[in-house]
Chemist: 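Please read through the structure below; I'll follow up with questions.
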Amino acid sequence: MISVDAALTQVLALARPLPQETVPLADAAGRVLSEPVIARRDQPPFAASSMDGYAIKAAEAERHAQFKVIGEAAAGRRFPAPVGPGQAVRIFTGAPMPEGADFVVIQEDVTRNGDLITITDEPGAKPNIRPAGVDFTTGTTIDAPRRLSAQDVALLASMNVPLVPVTRKPDVALISTGDELVLPGQDPGPDQIIASNTFGLKAMLEAMGAQPRVLPIARDTAASLHMAFDLAQGADLVLTIGGASVGDHDLVGRVATELGMERSFYKVAMRPGKPLMAGRLGDMAMIGLPGNPVSAMVCGHVFVAPVIHKMLGLGEARPALHSARLAEPLGPNGPRMHYMRAVVENAEVTAFDSQDSSLLTVLSRANALLIRAPHDPAQATGTIVHYMPI
Ligand code: AMP
Ligand code: MG
């Protein structure tokens with residue numbers, strides 16, 4: 001049995017950053033930018049009005065001053081001639097400033113009579129102009145690697161980048177194992193249960209930016225597992241669920257070894273999740289997750305997330321730890337790292353009373369995994385502890 005930290009180091013060693021591909025801008029959200037993108041234009045490309053009003057010379061912007069309106073500038077349509085002394089151009093938000101004008105008096109500060117306007121309120125010192133390039137200029141860079149947010153997509157669009165270089169999504173084959181499992185929506189027999197963490201992990205993988213493939217459930221026979229591994233071919237990561245303990249029907253380790261898996265480790269000093277295995281299977285990384293629903297999901301957060309992160313080119317980051325005060329005392333921890341299902345609220349964390357690794361109801365109510373180091377002594381209310389948000 002190895003420590004969580006040692007297991008994480010070995011799991012990360014199985015992962016390689018994936019090559020890049022190009023995707024349309026509209027599909028870029030959530031993807032990882034694989035190389036810096038450089039703006040090839042200024043934004044705005046011209047000095048633009050930031051208000052609806054009248055473009056005039058700043059030197060003439062005084063209360064009671066009068067101007068003759070000589071034309072109009074709207075967004076997408078500039079006024080083609082210069083503005084002289086005593087002249088004004090009706091202007092709207094986003095319109096290019098006409099030559100000769102360097103101030104926009106807002107329409108609320110003006111009264112208009114035919115072609116004549118009078119400034120009736122103090123126009124203030126703010127020119128109401130967005131200078132050319134105030135947002136970004138040619139050469140401005142979005143650095144990589146970076147997971148692209150909705151905001152980043154807006155910025156890329158503004159930079160006129162229709163195709164975005166991103167890291168290819170990790171192809172993850174998900175193999176559930178067990179004679180007792182049926183798919184959600186099917187009619188389970190009296191001794192059967194629904195494959196649940198298969199879909200939890202699929203959702204988790206999608207949120208991480210991977211491309212999961214849910215393979216048909218493998219039965220607890222060597223032949224069925226062989227077939228499942230066959231279907232997994234070409235994946236970057238094979239995730240098996242269940243069948244990894246030492247029971248008579250736990251065949252994942254045996255079959256993977258027959259197929260040439262170089263095992264990195266088996267069993268980690270953690271709770272839940274002890275019967276975790278990992279290794280290399282040809283070009284694929286393999287992680288054998290425990291079958292217990294909570295164990296599988298917790299191992300997903302602790303081990304699979306960092307692997308996907310690295311495959312996406314985001315480096316070897318360990319899960320970020322947050323701190324909170326204990327709302328209730330905790331008893332002493334045993335010899336394994338404990339990931340307790342907990343709720344964090346108003347900077348206080350409370351672990352659930354029941355920590356059984358089969359309880360998805362508890363996991364679903366949790367928003368954090370409270371982390372206890374091996375042999376951590378009892379802790380009083382108010383102690384600062386670490387947790388992982390989930
Ligand atoms: P195993 O590691 O195969 O012995 O599985 C441990 C426990 O997890 C057993 O109670 C299984 O029925 C259950 N289990 C295994 N795989 C899944 C799955 N995909 N969804 C829900 N429960 C599972
Ligand atoms: Mg099983």
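In each ligand, atom 1 is the first atom listed, and ligand 1 is the first ligand listed. The structure displayed is predicted, hence computed values, not measured ones.
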Chemist: Which ligand 1 atoms does Asp250 reach within 4.0 Å, using its non-hydrogen atoms?
Modeler: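 Every atom of ligand 1 under 4.0 Å from some heavy atom of Asp250: 3 (O), 4 (O).
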Chemist: According to side-chain hydrogen bond (donor to acceptor under 3.5 Å, both in side chains), does anything in residues 181-194 pair up with another residue at least two apart or in another chain? List the pairs.
Modeler: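 Applying side-chain hydrogen bond (donor to acceptor under 3.5 Å, both in side chains) to every pair that reaches into residues 181-194, excluding sequence neighbours, yields nothing.
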Chemist: Is Arg112 atom CZ crowded by more than 12 heavy atoms from other residues, nucleotides or ligands, each under 6.0 Å away?
Modeler: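 Yes.
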Chemist: Of the choices Pro275, Gly291, Pro184, which has the non-hydrogen atom that lies closest to atom 15 (C) of ligand 1?
Modeler: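 Heavy atom nearest to atom 15 (C) of ligand 1 belongs to Gly291.
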Chemist: Using a strict cut-off of 4.0 Å, indicate which atoms of ligand 1 neighbour a heavy atom of Gly243.
Modeler: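 In order of number, 1 (P), 2 (O), 3 (O).
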Chemist: Out of all atoms in ligand 1, which are within 4.0 Å of some heavy atom of Asn197? Include the element for each.
Modeler: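 So the atoms of ligand 1 that pass are 17 (C), 18 (C), 19 (N), 20 (N), 21 (C).
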Chemist: Can you list everything that forms a side-chain hydrogen bond (donor to acceptor under 3.5 Å, both in side chains) with Ser196? Sequence neighbours excluded, please.
Modeler: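 For Ser196 there are no side-chain hydrogen bond (donor to acceptor under 3.5 Å, both in side chains) partners, ignoring immediate neighbours.
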Chemist: State if Gly178 counts as touching ligand 1 under the rule of any non-hydrogen atom under 4.0 Å.
Modeler: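 False for this residue.
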Chemist: Glu180 heavy atoms, cut-off 4.0 Å: which ligand 1 atoms fall inside?
Modeler: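 Here the atoms of ligand 1 in question are 11 (C), 12 (O).
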Chemist: Return the CD1 to CG distance between Ile287 and Leu239, rounded to the nearest 0.5 Å.
Modeler: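 The CD1 atom of Ile287 sits 5.5 Å away from the CG atom of Leu239.
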Chemist: If the contact criterion is a heavy-atom separation under 4.0 Å, does Ile194 count as touching ligand 1?
Modeler: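 Ile194 counts as a contact of ligand 1 under the 4.0 Å cut-off.
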Chemist: Less than 4.0 Å is my threshold; does some heavy atom of Pro290 fall inside it relative to ligand 1?
Modeler: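 Contact absent.
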